[in-house]
Amino acid sequence: MSENKTLIAYATKGGATEEVALKIAEVLRQKHGFEVDLVNLRKNQHPDIFPYKNVVVGSGVRVQRVYKEAVRFLEKNDFEGKNVAFFILSLEAGNPKSYDGAVAKYIERLLEKYPHVKPVATEAFGGRMKILGFTVADARDFGKVETWADNLGEKLRSKA
Ligand SMILES: Cc1cc2nc3c(=O)[nH]c(=O)nc-3n(C[C@H](O)[C@H](O)[C@H](O)COP(=O)(O)O)c2cc1C
């Protein structure tokens, strides 16, 4: 396992979470010098996390649920000795009035079920809604993503 190696494992249905995962990867690589790999959990549900010191897990939300591939990934892996971070994208998280509820539902209550997962950082970002290929709402804030990724990079470096 290399201290420098970081895996970003994400579950996406509409592509929005993938774009956010790519932004996080860019910040961790360019500002913090991490070696980052990405994996789409809907294409590969069982990536080997052994080589990675840091694992960032991301998912979209539909019908009040974090995607099952991300939930299973959290459930099935033993992250002992690794640093884990977790983020979700949802339209509720992009609205200041429903942000706290989104954090409670999609992060806090979910992670309560998996006490072996002790993330060093979590965040709920606004999502993007596409219907029949057309964007009908985009609540993503890439500035917020960049700041979160930068702070995460600092934290991970201080733990290396
Ligand atoms: C069918 C559908 C259901 C959704 N349900 C919710 C929901 O219950 N709560 C929410 O906050 N956002 C909801 N969203 C918004 C998604 O969370 C948002 O589009 C997110 O960016 C999806 O990520 P993805 O593009 O990576 O799949 C829904 C979107 C779709 C298309």
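Whatever order the structure lists ligands and atoms in, that order sets their numbers, starting from 1. Index from 1, following the sequence. The figures here come from the full heavy-atom set of this structure, side chains too, leaving out hydrogens, waters and symmetry mates.
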Practice task
Report all protein residues having a heavy-atom distance below 4.0 Å to some atom of ligand 1; order the list by chain, then number.
Solution key: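 The 4.0 Å shell around ligand 1 contains T12, K13, G14, G15, A16, T17, G60, V61, R62, V63, Q64, Y67, L89, S90, L91, E92, Y106, G127, R128, M129.
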Problem - Pairing residues for E19 by the salt bridge (charged side-chain N to carboxylate O under 4.0 Å, His left out) criterion, not counting sequence neighbours - result: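 Checked E19 against salt bridge (charged side-chain N to carboxylate O under 4.0 Å, His left out); matches are R128, R140.
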Practice task
Write out all pairs satisfying salt bridge (charged side-chain N to carboxylate O under 4.0 Å, His left out) with one or both partners inside residues 89-103, taking only residues at least two apart or from two chains.
Solution key: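 Residue pairs passing salt bridge (charged side-chain N to carboxylate O under 4.0 Å, His left out), neighbours aside: E92-K105.
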Problem - Check ion pair R72-E69 (N to O, under 4.0 angstrom) - result: no
Completion exercise
Residues joined to F142 in its hydrophobic cluster, side chain to side chain under 4.5 Å directly or through other members, sorted by chain and number, are I8, Y10, V20, L22, I24, L28, F34, V36, L38, V56, F87, L89, V120, F125, V145, W148, L152, L156
Problem - N/O donor-acceptor pair under 3.5 Å between H32 side chain and N151 backbone - result: no
Exercise for the section: Go through the steps for R109 and E112 under the test salt bridge (charged side-chain N to carboxylate O under 4.0 Å, His left out), then give the verdict. Expected result: CA-CA 5 Å; R109 262 180 247 157; E112 271 169 22; over 6 Å; no
